[in-house]
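Okay, structure first, notes after.
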Amino acid sequence: MQKYKPEKIEKKWQDYWEEQGIYKTSDDGENSVVKDGVKKEKFYLLDMFPYPSGDGLHMGHTEEYVATDIYARYLRMNQKNVLYPTGWDAFGLPTENYAIKTGVHPKIVTKKHTDNFRRQLKSLGVSYDWSREIDSSSPEYYKWTQWFFLLLYKNNLAYKKKAKVNWCESCQTVLANEQAEGGICERCKKEVAQKDLEQWFFKITDFADDLINGLDQVDWPSSTVTNQRNWIGRSEGTMVRFEIALAPQGRTSSVASSSSRNDLFPQALEVFTTRVDTLFSCSFLILAPDNLLVETITTDEHKKEVEKYVQETRKKTNLERTDLQKDKKGVFTGAYAINPANNEKIPIWISDFVLADYGTGAVFADAHDERDFEFAQKYNIPLKVSIRPQDDELWQKVKNLEECFSGDGILINSEQFDGLTSSEARTKITDWLIENNLGDKKINYKLRDWLISRQRYWGAPIPVVYDPEGTAHPIPEKYLPWLLPTDVEFKPTGVSPLAKSKEFFERTEKIFGKGWTPEIDTMDTFVCSSWYYFRFADPKNDKEFAGAEAIKQWLPIDMYVGGAEHTVLHLMYARFFTKVLHKLGLINFNEPFTKLHHQGTILAEDGRKMSKSLGNVINPDDVVKQFGTDTLRLHIMFLGSFEDKKPWSSKTILGPRRFLEKVWQLFEKISDDYKDKQKDNETLLHKTIKKVSEDIQSLDYNTAISAMMILVSDMEKRGGVSKNAYSTLLQLLAPFAPHISEELWNQLGNTNSIFLQKWPKYDETKIKITNVTIVIQINGKVRDRIIIPIDIEEKEIIKIALACPIIQNFVGTKKIQRTIYIKNKLINIVI
RNA sequence: GCCGAAGUGGCGGAAUUGGUAGACGCGCACGACUCAAAAUCGUGUCUCGCAAGAGGUGAGGGUUCGAUUCCCUCCUUCGGCACCA
């Protein structure tokens with residue numbers, strides 16, 4: 001037999017599997033029916049489809065796809081009908097930037113990159129069903145992305161409004177949040193400002209509660225569930241109405257002189273709070289500078305100062321505005337409000353630590369909030385307390401306003417509510433406010449509607465046109481796909497590149513009439529990735545985004561795998577789309593991803609992140625070339641637990657390679673002339689079948705590999721192995737190292753692929769052991785071990801244990817206080 | 001600051017309804033083979049100790065016959081959110 005040379009066998013079997021259609025999923029027919037007529041159980045296994053970057057596949061991809069591939073192969077060998085597809089999340093900014101730099105069209109760049117990704121994936125032996133490949137930048141795909149936009153629009157879930165966006169003055173373009181991290185433009189390193197623009201939004205906030213409730217039904221990592229909950233940020237509280245006290249000498253000229261303004265003058269202002277128990281100590285109100293009420297309520301006397309402050313905050317960048325270190329500044333408006341709890345007249349201030357777009361853009365302030373406390377001290381606003389902490393020492397300080405107490409406690413200075421606990425008071429005060437028409441229960445969310453407009457080229461055009469009056473009209477479905485024009489300049493000019501397309505505008509006028517113009521923004525690429533998992537069920541359908549039957553057969557996804565870094569947004573958006581479809585009665589489930597796993601990051605050998613700038617990136621292609629695909633697959637799974645981050649090691653990869661060499665060498669030692677039954681260690685073999693099967697199901701691939709290593713070492717030591725036992729070993733190894741397993745399987749004389757075999761079953765009777773090692777402890781310390789037949793009773797064990805010389809030494813004449821016996825495990829003698 | 005995850009040999013990591021800590025792999029040491037080296041094989045490898053034994057899973061306490069595992073306090077690292085009233 002020749003030496004193990006992976007480069008000679010791997011390509012061969014990859015081609016063979018593809019020719020034989022081993023990975024192909026069929027919706028019906030042979031593949032989904034077992035011989036006896038029983039329908040195979042479906043399993044939809046999905047990787048987050050990759051963005052095909054110019055760097056090619058990195059180690060994180062490799063880890064993820066090899067892990068799911070092992071799972072897919074295991075499922076198929078267990079007679080599951082598996083849908084395991086992939087495709088390309090191909091729209092996006094890096095490709096567009098590359099086009100700007102080089103002048104090469106993004107379509108050509110994308111083709112180049114996806115070709116490379118596909119080649120790499122195939123060389124890793126990943127068993128995707130390539131007949132279902134999708135590309136989100138192809139018209140066949142984005143036709144349906146646009147269809148989804150129209151669906152949302154028709155159901156009042158898509159709307160246009162003015163919104164603040166990140167604007168880089170130097171680049172003359174809008175930036176995505178990721179490009180404006182820390183308020184600095186990624187490209188020119190200059191500060192990013194806020195700018196108001198008309199933008200399209202999806203009404204994801206309508207589904208806030210559904211998105212929270214659904215989290216109870218899914219089997220996801222708890223940290224991801226928590227992150228989603230925090231992101232939605234549901235908080236229950238109370239809306240309190242404060243009457244505005246008209247200051248008679250105040251707003252004379254500008255407000256009073258304008259009669260229309262006078263009519264509009266607000267009677268009351270609403271404030272959201274989760275701490276209504278502190279209402280009696282409320283000493284002032286603070287509004288966000290961009291709250292629309294600011295202009296109306298400010299008195300002439302304070303007008304100048306307020307305007308100056310508002311101007312200043314408008315100029316601030318995001319970075320400055322959220323800088324916590326800076327102390328809180330604000331100005332008095334001259335206006336007053338009435339505290340509904342005690343009818344006290346309290347001043348209204350403005351400050352930019354109050355956010356305009358959360359709650360009502362106004363807060364009530366008191367001594368029981370750190371920020372309010374600090375603010376009041378700075379501007380000498382008188383405070384009082386209404387919550388008494390348990391701790392007396394703390395109470396002395398709080399009472400004298402030396403320290404802020406923001407926890408729950410007992411109410412004081414709160415009239416009929418005195419003596420209640422904070423949580424009791426929150427209910428009772430709210431009820432009282434409702435009875436007196438002074439407030440309401442209210443639930444607030446941090447979640448905002450999803451801004452999907454992008455002033456970019458490489459994305460799906462928003463299917464909207466404007467009539468000559470500027471009113472938006474959805475494009476009728478029959479004109480989809482609403483094609484992305486090709487006659488554009490990529491160089492950033494401050495407007496969407498589509499604005500420069502002659503063809504695009506001519507097309508619009510031709511179809512809709514003179515003076516009609518197209519929407520020139522494209523959609524956020526997250527829109528494309530919010531529904532792609534439906535498309536795999538029916539990727540060639542040109543009548544629907546996916547046929548109802550196909551959806552029914554395959555969805556929801558049984559296991560979804562991808563990195564933990566972008567999952568809050570992507571998973572949220574994808575769940576939102578599913579919930580929309582469910583609400584509209586188009587599907588009968590409301591969570592798309594039943595089970596979710598995140599792979600841990602593969603760090604560089606030095607423990608840092610792999611990055612081009614650090615020069616510590618390992619390219620999977622190089623590893624395949626040097627060691628072979630099977631070794632790479634085994635090694636990356638053997639590095640550690642799938643969900644933990646772990647450093648790459650170019651040294652320890654020798655271990656898995658040696659292991660495969662041993663498996664290869666072992667072929668020479670197959671002998672059916674031996675009395676195989678005696679030769680094989682059947683207990684170990686069946687234990688290994690059990691261990692590997694269980695570990696694959698829980699993605700504990702590292703320990704599964706370790707179990708196979710133990711089995712192979714044992715076979716080696718015995719100097720021979722039966723063909724049966726060796727065949728079983730190859731079957732266990734096949735999902736992990738498919739090429740070598742298929743090769744050796746073939747050399748055994750099998751004509752069928754190993755992947756058409758049934759997964760080995762273990763025999764419970766062969767695992768059953770007759771002798772066990774019992775640990776003898778004295779006072780909880782291990783002193784000796786004895787091997788005895790299984791299931792011996794305690795009395796018997798004590799007798800045997802006490803007969804051991806070592807134990808006798810320890811016990812001597814001391815009295816035995818008690819003994820603890822754990823059957824077939826240990827005996828602990830307490831003296 | 002808040003939320004979450006994690007801290008185990010020289011290194012990557014095993015082990016949890018509380019029951020033999022360090023599986024498996026790398027590295028290292030010694031031995032075999034070799035003119036030699038590589039490769040391969042064998043033996044050993046938590047620390048201290050000749051040994052008997054003692055100590056040991058980030059630190060300190062607690063519960064228990066027994067704690068890497070459960071509880072409390074603290075430290076460190078990583079990830080996410082970041083003035084959300």
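Here is the naming used below: chain letters follow the sequence lines, and residue numbers restart at 1 for every chain.
- Closest approach to the A/F353 side chain among B/rC24, B/rA85, B/rC83 is made by B/rC83 (side chain taken as heavy atoms from C-beta onward).
- Between the side chain of A/N828 and the backbone N or O of A/G780 there is at least one donor-acceptor pair closer than 3.5 Å.
- Applying the 4.0 Å criterion to OP1 and OP2 of B/rA54, one finds that A/R783 has a side-chain N or O inside that range.
- A/K3 has its NZ atom 11 Å from the C1' atom of B/rA38, to the nearest Å.
- Between A/E63 and A/K645 no salt bridge is recorded (no basic side-chain N to carboxylate O distance below 4.0 Å).
- With sequence neighbours excluded, the residues satisfying side chain to side chain contact (heavy atoms under 4.5 Å, CB included) with A/Q377 are A/F373.
- A/S235 has a side-chain polar atom (N or O) that falls below the 4.0 Å cut-off from OP1 or OP2 of B/rA85.
- Residues A/E64 and A/Q599 bring a donor and an acceptor atom of their side chains to less than 3.5 Å of each other.
- Within 4.0 Å (heavy atoms only), A/T274 reaches sugar-phosphate atoms of the nucleic acid but no base atom.
- In the set B/rG79, B/rC84, B/rA15, B/rG79 carries the atom at the smallest distance from any side-chain atom of A/K609.
- Heavy atoms of A/S706 sit under 4.0 angstrom from at least one base atom.
- Stem list for RNA chain B (at least 3 consecutive Watson-Crick or G-U pairs, distances under 3.5 Å): B:1-7 with B:75-81, B:10-12 with B:24-26, B:27-32 with B:40-45, B:46-48 with B:53-55, B:58-62 with B:70-74.
- Note on ring orientation: taking the six-membered ring where Trp is involved, the planes of A/F332 and A/W349 are tilted (angle from 30° to 60°).
- Only A/F638, A/L639, listed by number, bring a heavy atom of residues 627-639 of chain A to less than 4.0 angstrom from any atom of RNA chain B.
- Note on A/Y358: a side-chain N or O is less than 4.0 Å away from OP1 or OP2 of B/rA85.
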What nitrogen or oxygen pairs link the protein and nucleotides 39-50 of chain B at under 3.5 Å?
unit_1: B/rU40; atom_1: OP1; unit_2: A/R658; atom_2: NE; d: 3.2

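- Relative to the side chain of A/K651, the nucleotides B/rC3, B/rC26, B/rA85 differ in distance, and B/rC26 lies closest.
- Note: CZ (A/F373) to C1' (B/rC83) measures 17 Å, nearest angstrom.
- The structure places CG of A/D440 at 5.5 Å from CZ of A/R241, a figure rounded to the nearest 0.5 Å.
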Produce the list of close N/O pairs, under 3.5 Å, pairing protein atoms with atoms of nucleotides 16-21 of chain B; give distances to one decimal.
unit_1: B/rG19; atom_1: N2; unit_2: A/Q777; atom_2: OE1; d: 3.2
unit_1: B/rU20; atom_1: O2; unit_2: A/R785; atom_2: NE; d: 2.7
unit_1: B/rU20; atom_1: O2; unit_2: A/R785; atom_2: NH2; d: 2.8

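- The interatomic distance linking A/N702 (CG) with B/rC26 (P) rounds to 15 Å, in whole Å.
- Atom pair A/L447:CG and B/rC81:P shows a separation of 15 Å (rounding to whole Å applied).
- A 4.5 Å side-chain heavy-atom check between A/E270 and A/V240 finds every atom pair outside the cut-off.
- A salt bridge is defined here as a Lys NZ or Arg NE, NH1 or NH2 lying under 4.0 Å from an Asp or Glu carboxylate O, and A/R229 with A/D216 meets this definition.
- Distance NZ (A/K646) to C1' (B/rC11): 16 Å, rounded to an integer number of Å.
- Of the candidate nucleotides B/rG53, B/rG12, B/rG4, B/rG12 has the atom nearest to the side chain of A/P647.
- Using a 30° and 60° split on the angle between ring planes, A/W648 and A/H635 fall in the perpendicular class, above 60°.
- Rounded to whole angstrom, the span from the CG atom of A/D277 across to the P atom of B/rA85 amounts to 13 Å.
- Taking atom P on both B/rG42 and B/rU47, the two are 23 Å apart, rounded to the nearest angstrom.
- Under a 3.5 Å cut-off, the side chain of A/Y309 and the backbone N or O of A/K329 do form a donor-acceptor pair.
- The aromatic rings of A/F526 and A/Y573 stand perpendicular to each other, their planes meeting at an angle above 60°, with 30° marking the opposite boundary.
- Between the CG atom of A/D714 and the C1' atom of B/rA23 there is a distance of 15 Å, given to the nearest Å.
- The distance between atom CD of A/E643 and atom C1' of B/rG4, rounded to the nearest whole Å, is 14 Å.
- Each of A/I696, A/I689, A/D695 was scored for a side-chain contact (heavy atoms from CB on, under 4.5 Å) with A/S693, with one residue passing: A/I689.
- Annotation: B/rA21 and B/rU69 have their P atoms spaced 14 Å apart (nearest Å).
- The side chain of A/R371 has B/rC83 as its nearest neighbour among B/rA54, B/rG80, B/rC83.
- Nearest to the side chain of A/K781, among B/rG13, B/rG55, B/rG25, sits B/rG55.
- Checked against the 6.0 Å centroid criterion, the rings of A/W450 and A/F201 do not qualify as a close aromatic pair.
- Rounded to a whole angstrom, the distance from the P atom of B/rA15 to that of B/rG7 is 12 Å.
- A donor and an acceptor atom, one from each side chain of A/E643 and A/H597, are located under 3.5 Å apart.
- For B/rG9, the glycosidic angle deviates from 0 by 90° or less, giving a syn base.
- Residues passing the side chain to side chain donor-acceptor pair (under 3.5 Å) test with A/Y445 are A/D209, sequence neighbours excluded.
- For the C1' atoms, the distance linking B/rG10 with B/rC46 amounts to 11 Å, nearest Å.
- Among B/rG55, B/rC83, B/rC24, the nucleotide with an atom closest to any side-chain atom of A/I710 is B/rC24.
- With respect to A/D408 and A/R275, a salt bridge is recorded, a charged nitrogen being found less than 4.0 Å from a carboxylate O.
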